[in-house]
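Note on naming: letters A, B, ... go to the chains in the order of the sequence lines (proteins, then strands), and numbering restarts at 1 for each one.
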Number of protein chains: 2
Amino acid sequence: MTIAEVSKKYDLTPDTLRYYEKVGLLSPVPRTKNGIRDYDEQSCKRIEFVKCMRNAGVEIEILIKYMTLLGKGKSTVKERKELLEEQRKKLLEKQKNINETINRLNYKIKIYEEISLGKRKDFTEDL
Amino acid sequence: MTIAEVSKKYDLTPDTLRYYEKVGLLSPVPRTKNGIRDYDEQSCKRIEFVKCMRNAGVEIEILIKYMTLLGKGKSTVKERKELLEEQRKKLLEKQKNINETINRLNYKIKIYEEISLGKRKDFTEDL
DNA sequence: TATTGACTTTGAGCTAACTCCAAGTGATAA
DNA sequence: TTATCACTTGGAGTTAGCTCAAAGTCAATA
């Protein structure tokens, strides 16, 4: 697959794909004889994984570390597990924050709704 | 309340508090005769609100817009409601991404666990 | 043959959200 | 009185994660 195809498939710009490769998120992508990237199955899987993690806000540095461990084979399983557990912990925390904020927004929006409908003429701004 | 007290209370650095004020997230904080900030109830409420929103990743630009509308009184209720609805939509999307990623991490961690326990000697790296 | 268009590289530039620094002020402690 | 300390300001610096620009290569088309 060319970079344009992969770019379309995963909705990441070619620049971003090259950047990910440069910083070590992807093991060097195979090339044609003229040096043009020809993404294989493995590269695509990694890109999909990275995209998923990035969408959740996992830092690139962490992903580089993970990919490096992955490249070293089975001896790094324990370390990889610990790394993923740490990220999960962070995401659970983030999830909690987001849930709290959504609840707060729900409340505020409901109040504004009521004001709009004239059900609350008494409203004092409280945030 | 002094900036140091507020800083401690909300776990935000004094620099961050001054920054928030400078960019317009807080209406000018009251001062003592020597120009030292003396945070009042309203300032604290705003700080708490901003902190909650920032913890969920809501952009400062958006919050500035919201605070500006808030300052203009009841005529902006509809606009404020729309703004909050948009942010809620973004957070729901984010929540979805995070949930997906947590599920994926749970799966990976489980697999690594099994490998560690010798239950899976056959494992092929798949991400 | 000439040009188009997708690719390549290197390296600079950008944005958000802080974070830090230098220089100054004013109240309190020794 | 002198020194300390928490505060003040303006403005520069930092970090993550891209994003863009310039200059070049190569295969395919007019």
Side-chain angles (χ1 to χ4, degrees), chain A residues 1-26 28-40 43-44 46-47 49-67 87 90-91 94 97-98 101, chain B residues 1-26 28-40 43-44 46-67 86-87 90-91 94 97-98 101:
Chain A
M1 285 184 106
T2 67
I3 201 167
E5 287 163 347
V6 175
S7 166
K8 200 163 192 174
K9 182 168 181 185
Y10 295 106
D11 193 30
L12 295 167
T13 70
D15 267 326
T16 299
L17 290 169
R18 282 187 284 255
Y19 169 73
Y20 282 173
E21 186 179 351
K22 186 168 64 179
V23 298
L25 278 180
L26 282 44
V29 173
R31 308 294 183 113
T32 65
K33 55 257 166 201
N34 0 316
I36 290 180
R37 287 174 182 79
D38 182 23
Y39 292 83
D40 60 0
S43 301
C44 286
R46 282 203 176 195
I47 289 163
F49 178 76
V50 167
K51 198 195 170 179
C52 175
M53 296 297 140
R54 289 295 303 130
N55 274 347
V58 175
E59 286 168 28
I60 284 190
E61 269 312 310
I62 302 289
L63 296 175
I64 292 171
K65 207 166 167 187
Y66 181 71
M67 291 307 187
Q87 296 315 304
K90 282 190 198 174
L91 291 187
K94 212 181 257 191
N97 286 332
I98 289 177
T101 306
Chain B
M1 287 184 106
T2 68
I3 200 166
E5 288 164 345
V6 176
S7 166
K8 200 162 195 176
K9 182 167 180 187
Y10 295 107
D11 194 30
L12 294 167
T13 70
D15 267 325
T16 299
L17 289 169
R18 283 187 284 255
Y19 169 73
Y20 283 173
E21 186 179 352
K22 187 168 63 177
V23 300
L25 277 180
L26 281 45
V29 173
R31 308 295 183 111
T32 67
K33 56 255 166 205
N34 2 316
I36 290 181
R37 288 175 182 81
D38 181 24
Y39 292 82
D40 59 359
S43 300
C44 287
R46 282 203 178 195
I47 289 163
E48 193 274 325
F49 178 76
V50 166
K51 196 193 172 183
C52 175
M53 295 297 139
R54 289 293 305 131
N55 274 347
V58 176
E59 287 169 27
I60 285 192
E61 269 310 310
I62 302 289
L63 296 174
I64 292 171
K65 209 168 165 184
Y66 180 72
M67 292 307 189
E86 199 184 321
Q87 297 315 306
K90 282 190 196 172
L91 292 187
K94 213 181 254 189
N97 286 331
I98 288 177
T101 305

To the nearest 0.5 angstrom, please state how far the [atom1] atom of [X] sits from the [atom2] atom of [Y].
| X | Y | atom1 | atom2 | answer |
| --- | --- | --- | --- | --- |
| Gln87(A) | Lys90(A) | CD | NZ | 4.5 Å |
| Leu63(A) | Arg46(A) | CG | CZ | 11.0 Å |
| Met67(A) | Ile60(A) | CE | CD1 | 11.0 Å |

Treating [X] as the side-chain partner and [Y] as the backbone partner, does any N or O pair qualify as donor plus acceptor under 3.5 Å?
| X | Y | answer |
| --- | --- | --- |
| Lys94(B) | Ala56(A) | no |
| Asp38(B) | Met1(B) | yes |
| Thr101(A) | Met53(B) | no |

- Query: For Asn34(A), what residues pass the side-chain contact (heavy atoms from CB on, under 4.5 Å) criterion, not counting sequence neighbours?
  - Reply: Thr32(A), Ile36(A)

- Return the set of residues passing side chain to side chain donor-acceptor pair (under 3.5 Å) with Ser43(B) (not counting sequence neighbours), or none when no residue passes. Asp40(B)

- Item | Qualifying residues under side chain to side chain donor-acceptor pair (under 3.5 Å), relative to Glu86(B), sequence neighbours excluded | none

- Message: Between P on dA16(D) and CG on Leu25(A), what's the gap in Å once rounded to a whole number?
- Response: 14 Å

- What is the distance, rounded to the nearest whole Å, between atom CG of Asp38(B) and atom C1' of dC7(D)? 13 Å

- Query: In residues 1-16 of chain A, which residues come under 4.0 Å of DNA chain C by heavy atom?
  - Reply: Thr2(A), Ile3(A), Ala4(A)

What N/O pairs connect the protein and nucleotides 23-27 of chain D at under 3.5 Å? Give each pair on its own line.
none

- Task: Give a yes/no on whether any side-chain N or O of Arg18(B) is located under 4.0 angstrom from OP1 or OP2 of dT9(D).
- Result: no

- Can you name the residues that form a ring-ring contact (aromatic ring centres under 6.0 Å, His included) with Tyr39(B), not counting sequence neighbours? none

Please set out all donor-acceptor pairs under 3.5 angstrom arising from side-chain atoms of residues 14-26 of chain A, sequence neighbours excluded.
residue, atom, partner, partner atom, Å
Thr16(A), OG1, Thr13(A), OG1, 2.9
Glu21(A), OE1, Arg37(A), NE, 2.6
Glu21(A), OE2, Val29(A), N, 3.2

- In residues 52-63 of chain A, what residues come within less than 4.0 Å of DNA chain D, judged by heavy atoms? Arg54(A), Glu59(A), Ile60(A)

- In terms of heavy-atom contacts, Tyr10(B) and Glu48(B) come closest through CE2-CB, 3.7 Å

- Note on the structure: Nt span of DNA chain C in reach of chain A heavy atoms at under 4.0 Å, 5' end first, is dC7(C) to dT9(C)

- Message: Enumerate the side-chain hydrogen bond (donor to acceptor under 3.5 Å, both in side chains) contacts for residues 53-62 of chain A, please, sequence neighbours excluded, ordered by first and then second residue.
- Response: none

